[in-house]
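Values reported hereafter were calculated over all heavy atoms of this structure, with side chains retained and with hydrogens, waters and symmetry mates removed.
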Amino acid sequence: MLHVKNLYKSYRSGSKSYSVLKGIDLTVASGEFVAVMGPSGSGKSTLLNCISCYIPFDEGTITLGSQELKGLDEDTLAKVRNEKLGFVFQDFMLLDGLTVRENILVPRIIQGHVGKDAEALADQMLSLFGIDAIADKYPADISGGERQRTAVARSLINQPLLILADEPTGNLDSKSSHTVIESFESARTELGATVFMVTHDSFAASFCDRVILLKDGCIWKNLEKKEENGAFHDRLLSEMKAMRRE
Amino acid sequence: MDVKMQTIMSIKDLEKKLAQGDRKQAVLYLFCNFVSLLLITAYSAMMFSPTVLEVLPTGGDSRKQMIAVFVLALFGCVVFTVYASALFFRKKSRQLGTLMALGASRKKLAPGLYKEVLTLSGVSSFAGVLAGLPFVRILWGFFRLFIVDSAQMVLRLDYRFLFLSSAFFFLVIASSCFTAHRYLKRTNIMDVVHEEHKNEPVKELGRWCGPGGILLTFAGAACGYMAPSVYEKLYSAFPGAWINLFYIPVFFGLYMIMLHTVIHGWRSRKKNPYKNLIARSMMKFQGRQTVNNLLICTVLIAGASFALFYLPTIGVSSYLEVKSRSFDYYFHYRLDQKQVPTQSDIAAMAAGYGMGIRDYRESPYASLALDGYTYLFDDEKNYHIGHVDLCMEGKFFSESAYRTLTGEQITVADGTYYAVTNTDETNLPFLETNATFLTNMVTRKTLPVRFAGFAHYDMLADSFGYYILNDEDYDIICRGLTEDWLGSAAFFNADGKDSPAFASGFFYTFVDSFGPECEHTVQFSRVVQTRHEEAGEEYFYWNDPMFRISYDRPDDSNFRAWWSYMPKIRLLDRGDFLKTYAVFLMMFLFISIICILAAAIISYTRCMTIALNNRYIFDDLKRLGAPPAFLMQEIRNQSGNVFRIPALIGMSIIYLLYTLILYVNDGKITFGEAGGMAASFLLLLCIGSLFFFLYRYTIRQMAKQLNISVPKRKHYKHEKNNP
């Protein structure tokens with residue numbers, strides 16, 4: 001599904017150059033729920049932004065399905081973002097002037113055709129994520145958890161190959177975080193979605209099949225989940241502690 | 001029944017709906033464009049108006065002043081509109097970024113964005129242009145209704161001004177499209193998404209930058225003021241307008257002062273380093289825009305003050321001069337003007353108005369040439385200073401004629417002459433005190449003379465003045481002079497209460513009695529004309545439109561200010577001051593209103609932006625338990641600087657500059673000038689009060705925006721340990 005090979009990315013500040021990603025190699029299989037964790041400045045968000053094609057990268061390759069992302073022109077990249085990727089952001093990024101239902105349909109509107117099938121899919125997701133009662137409300141009138149579930153529904157409307165989530169629980173309380181993570185679970189089980197999530201939240205990460213620990217721009221460890229969520233959470237915490245000590 | 005909202009089917013529908021939702025943020029953008037275009041249109045309409053142009057002559061100081069302030073206002077409006085569009089796009093960027101992040105290509109977003117920008121900027125700017133014209137007419141109408149009205153005040157417009165406002169109209173649209181293009185061209189989508197929350201910190205400079213800025217401002221002002229005379233000394237030529245570039249350090253100085261205000265503030269924080277910490281930090285992190293705004297407002301307020309000072313300084317001096325006159329009437333004329341009313345004519349005319357005249361006295365004078373040093377032009381620009389026999393014209397009394405006229409005792413030795421000046425000696429630059437001989441312009445006989453000193457008599461201190469000769473010398477040199485080189489000066493008082501009708505009647509009769517050979521301003525000198533003609537040169541007076549006056553318009557300000565034979569009539573000069581200077585008054589009042597309006601809107605907008613951008617900080621402070629009084633204090637600290645600093649600096653700089661100009665003019669500040677500066681100070685207090693009230697209104701609006709209930713207690717006392 002997603003193949004990242006030897007990925008390098010650096011930023012320039014004045015005359016200085018800072019390497020943020022130093023040769024990342026990773027693969028995400030179809031239907032997998034993967035989290036990336038690491039301390040601040042480890043390169044999590046930069047990795048996600050490179051996969052999202054939001055920022056260009058220096059070296060390496062990113063392959064999504066059968067499509068190599070490097071060297072694509074602006075229009076093709078936009079098409080990839082629209083058709084093959086779904087996005088969930090920490091601050092929701094819903095459009096304030098549109099209702100919940102319209103927000104969910106935005107990726108389809110960008111595509112140019114909102115058919116009956118899209119409307120039906122939107123309705124299906126409204127009910128799947130428990131937000132059908134607020135379908136005609138505006139983002140300003142709903143809670144943070146509801147906004148993020150709307151964002152999850154929006155990320156799925158084009159039935160993408162991969163959903164990229166950047167700190168999706170970062171702005172939510174624990175109860176809302178739980179419902180959002182459950183939304184990802186539902187998307188995976190009901191719609192067969194593949195999710196790649198960057199998070200600081202070890203509780204959210206404990207729901208994933210695999211957690212990649214990132215440190216100083218390199219993969220420090222790849223943790224497969226073999227146990228129950230609670231036990232995996234404990235293992236995550238101790239691994240994080242060990243990573244910080246090292 | 002559950003009714004589903006109509007589904008958006010296309011990107012066009014989506015953009016339309018989003019634009020509807022953005023109406024609130026578009027209002028500010030529309031308003032800024034509208035106001036800028038309205039102000040520019042109104043100002044340029046005034047600037048091209050024949051009503052104004054006829055009064056402010058080409059090349060004159062007042063016209064230069066009008067253009068200089070227009071450039072400032074234009075600069076302010078450009079920055080204002082660019083700022084408004086930047087603000088609009090900062091808000092818009094999140095929407096654009098979200099759509100891009102979800103896969104909308106730039107190509108797909110561009111048509112909708114450009115259409116929206118073109119519509120908003122086009123409609124608001126066009127409305128501004130349209131509203132500019134009625135705005136001018138209404139404002140001018142108000143002036144005429146409530147302040148002063150005269151025949152000269154009839155507003156005529158020359159529609160060439162539309163070229164200027166059209167150019168600005170296209171500039172606004174081009175700048176908006178350019179900003180839209182810049183946002184669309186960004187390669188990093190996350191930058192676009194987070195643009196709204198991006199800080200614009202200024203580069204931190206040390207505490208030296210404030211004092212350094214003050215020094216640079218003064219140095220720049222001195223440099224700009226002295227540059228023309230230094231250039232003239234070095235190159236013996238008059239510099240072009242480029243010489244004003246020497247004032248540029250003033251702007252750098254002001255920028256450094258504003259930078260210091262934003263970064264450090266002007267109060268020592270040694271005792272309480274945490275005082276106003278939050279307000280200072282907020283300001284620092286949006287420093288770039290704040291500094292730019294403060295600078296623009298300073299320049300605009302300075303422009304407004306400069307325009308406002310013009311009339312009080314003239315008005316108070318004129319009022320005091322008129323009040324101190326020893327006679328109600330003074331006039332002089334050439335003896336070849338046979339229609340000029342005589343004493344008996346004047347007495348008869350006064351009787352017709354039911355009044356009499358008294359203290360009538362009249363003395364003859366002769367117009368003679370004085371030798372001296374003057375500018376001699378080698379070509380159009382370059383000159384050298386050289387001695388000429390026919391340097392300037394002077395009106396010479398014999399000592400006995402001077403005694404008869406003024407009642408002053410004076411003894412003039414053989415071969416010497418006195419120059420007549422006023423008590424303040426303000427007309428010295430126009431008097432020749434180095435003449436070595438006088439010339440009779442008819443016989444060309446000369447008389448060697450030496451300057452003996454000054455005689456003081458206020459009513460005879462004309463710009464091109466009077467001199468006194470010994471009686472014998474006067475007889476010798478005047479022998480053979482024809483009547484056109486001889487003249488007479490007279491004083492008289494009204495017997496009892498003076499009549500305005502008589503004063504007007506006398507003035508118009510007096511003007512009508514002169515022939516076309518006297519239709520000149522005081523700048524005209526037959527002596528200088530003769531010198532040029534004899535050298536085969538053209539006399540500059542004839543080519544300069546500044547010197548055009550006409551007997552047909554005796555009420556025009558130029559006629560009354562500059563006609564060579566303008567009589568002094570106390571009642572007329574006192575009562576008609578406003579009328580005479582009506583267009584000046586209106587024009588400069590108009591300029592001030594525009595500059596103050598622009599500065600007020602910019603300051604208000606800046607404060608509201610501070611409230612919008614820092615909303616989350618105030619929310620966090622509320623959560624941390626900050627009481628409303630504390631929050632209000634933070635608001636006051638921020639917006640106080642936005643209003644206070646430009647007003648203080650702009651007004652102080654111009655006040656000092658004006659005082660300096662008045663001082664340098666004649667090396668002293670006269671009583672009249674001091675009175676004018678006192679009146680100007682009162683005007684500054686008015687502007688200050690206006691900004692204070694606007695500041696109070698703004699902080700109330702900011703509190704409303706941030707949901708802070710305004711506490712009854714006015715100030716939050718900062719304890720040693722702040723919350």
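Annotation: side chain of Thr99(A) is in contact with side chain of Lys17(B) (closest heavy-atom distance under 4.5 Å). Residues Leu14(B) and Leu98(A) are in side-chain contact: their nearest non-hydrogen atoms beyond the backbone lie under 4.5 Å apart.
Between Gln111(A) atom CD and Lys108(B) atom NZ the span is 7.5 Å, to the nearest 0.5 Å. Put simply, CD1 on Ile109(A) and CD on Glu15(B) are 10.5 Å apart, with the number rounded to the nearest 0.5 Å.
For a residue to count as touching a neighbouring chain, one of its non-hydrogen atoms must lie under 4.5 Å from one of that chain's; by this rule Asp96(A) does not touch chain B. For chain A, the nearby parts of Leu99(B) are the backbone and the side chain; heavy atoms of each come within less than 4.5 Å. Only the side chain of Arg154(A) comes within contact range of chain B, judged by heavy atoms closer than 4.5 Å.
Counted within 6.0 Å of NZ on Lys79(A), heavy atoms from surrounding residues, nucleotides or ligands total 12 or fewer; the atom is thus considered open. By the 6.0 Å contact criterion, NZ on Lys70(A) is enclosed, its count of non-hydrogen atoms from other residues, nucleotides or ligands being greater than 12. Lys137(A) NZ: 12 or fewer foreign heavy atoms inside a 6.0 Å radius. Heavy atoms of other residues, nucleotides or ligands lying less than 6.0 angstrom from CZ of Phe31(B) number 12 at most.
Of all the heavy atoms in Phe87(A) and Ala101(B), the pair that sits closest is CE1-O, 3.0 Å.
For the side chain to side chain contact (heavy atoms under 4.5 Å, CB included) with Leu102(B), the qualifying choice from Asn158(A), Ile157(A), Ile110(A) is Ile110(A), the only one to do so.
When each of Ser52(A), Ala78(A), Gly86(A), Gly97(A) is scored by its heavy-atom pairs under 4.5 Å with chain B, the top score falls to Ala78(A).
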